[in-house]
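Below, chain A is the first sequence line, B the second, and so on; all start at residue 1.
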Amino acid sequence: GAVVSQHPSRVICKSGTSVKIECRSLDFQATTMFWYRQFPKQSLMLMATSNEGSKATYEQGVEKDKFLINHASLTLSTLTVTSAHPEDSSFYICSAPADTHEAFFGQGTRLTVV
Amino acid sequence: AQSVTQPDIHITVSEGASLELRCNYSYGATPYLFWYVQSPGQGLQLLLKYFSGDTLVQGIKGFEAEFKRSQSSFNLRKPSVHWSDAAEYFCAVRSFGNEKLTFGTGTRLTIIP
């Protein structure tokens, strides 16, 4: 089946630095990528939708300048957490919809800001 | 707007016992329904999905779910759980023509020997 590869799986960064998370669709073209954030023991909250070749669409309350999304090709979408702070520590997951109407998820990235 | 409710936050089941995880949705038309499983620190794996047709759908790992339109439910079942089934389970819904998934709050499944 379709695979979405997310990297890195874990990252620890210092407060004030930026972190980039990559999601690649390995055997299909992903014109759309969804980015979710998941707090401990909670559900997934959609942050933004990236579309290849156009600007990302952010959900209400999500700071677009804090969470920069780029979807430069049909197989790669990136999320950059800029000027990270401890409250940005979370589990971030990407997901790409497939032609079969289902979504394929990356493995997730555990971000810890110290 | 569509929404998903998973009434049970945490369920504990003995190994070998049967399991049912509840999911109710709110949507005007027939939605696309999904169940995903998430192991700690991992992404989500699709267990099964319902789009149309037979209301009883079979998934991977011995799971099945039944779509009941009259009850707006899509409960997940397994006749005999294994210790490896311990995980977080999410019910999700999306509408026709909209690729966004709306997730329930999840049910954490604990298996005891």
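Taken together through direct or relayed side-chain contacts under 4.5 Å among Ile, Leu, Val, Met, Phe, Trp and Tyr, B:Val37 and B:Ile11 form part of one hydrophobic cluster. Cluster annotation: A:Met33 is connected to A:Leu79 through the hydrophobic network of ILVMFWY side chains, with a link wherever side-chain heavy atoms come within less than 4.5 Å. Residues B:Val93 and B:Tyr89 fall within the same hydrophobic cluster, defined by Ile, Leu, Val, Met, Phe, Trp and Tyr side chains chained together at heavy-atom separations under 4.5 Å. Cluster annotation: B:Leu19 and B:Phe67 are assigned to the same hydrophobic cluster (Ile/Leu/Val/Met/Phe/Trp/Tyr, side-chain heavy-atom contacts under 4.5 Å, transitive). Linking Ile, Leu, Val, Met, Phe, Trp and Tyr whenever their side-chain heavy atoms come within less than 4.5 Å leaves A:Leu44 and A:Ile21 in two separate clusters.
Side chains of A:Phe105 and B:Leu101 form a contact here, defined as non-hydrogen atoms less than 4.5 Å apart. Residues B:Gln45 and A:Phe104 have side chains not in contact (no heavy-atom distance under 4.5 Å, counting atoms from C-beta outward). Between A:Gln38 and B:Phe90, the closest side-chain pair of non-hydrogen atoms falls below 4.5 Å. Proximity of A:Thr32 to B:Glu99: side-chain heavy atoms (C-beta onward) are separated by under 4.5 Å at one or more points. Within the 4.5 Å cutoff, the side chain of B:Thr102 has no heavy atoms near those of the A:Leu46 side chain.
Residue A:Thr49 touches chain B through its side chain alone, counting heavy-atom pairs closer than 4.5 Å. Of the atoms belonging to B:Gln38, it is side-chain heavy atoms, and not backbone ones, that fall under 4.5 Å from chain A.
For A:Leu26, the CG atom counts as densely surrounded, since its 6.0 Å shell holds more than 12 non-hydrogen atoms of other residues, nucleotides or ligands. More than 12 heavy atoms of other residues, nucleotides or ligands sit less than 6.0 Å from atom NE2 of A:His85. With a 6.0 Å radius and a threshold of 12 heavy atoms from other residues, nucleotides or ligands, A:Arg10 has its CZ atom at or below the threshold.
When all heavy atoms of A:Phe91 and B:Gln42 are compared, the pair lying nearest together is CE2-O, 3.5 Å.
Not a single donor-acceptor pair under 3.5 Å links the side chain of A:Ser43 to the backbone N or O of B:Gly106.
Here B:Arg94 does not pair with A:Glu102 in a salt bridge; the nearest charged N to carboxylate O distance is not below 4.0 Å.
Of the listed residues B:Arg108, B:Glu88, B:Lys100, the one with more heavy-atom pairs under 4.5 angstrom with chain A than any other is B:Lys100.
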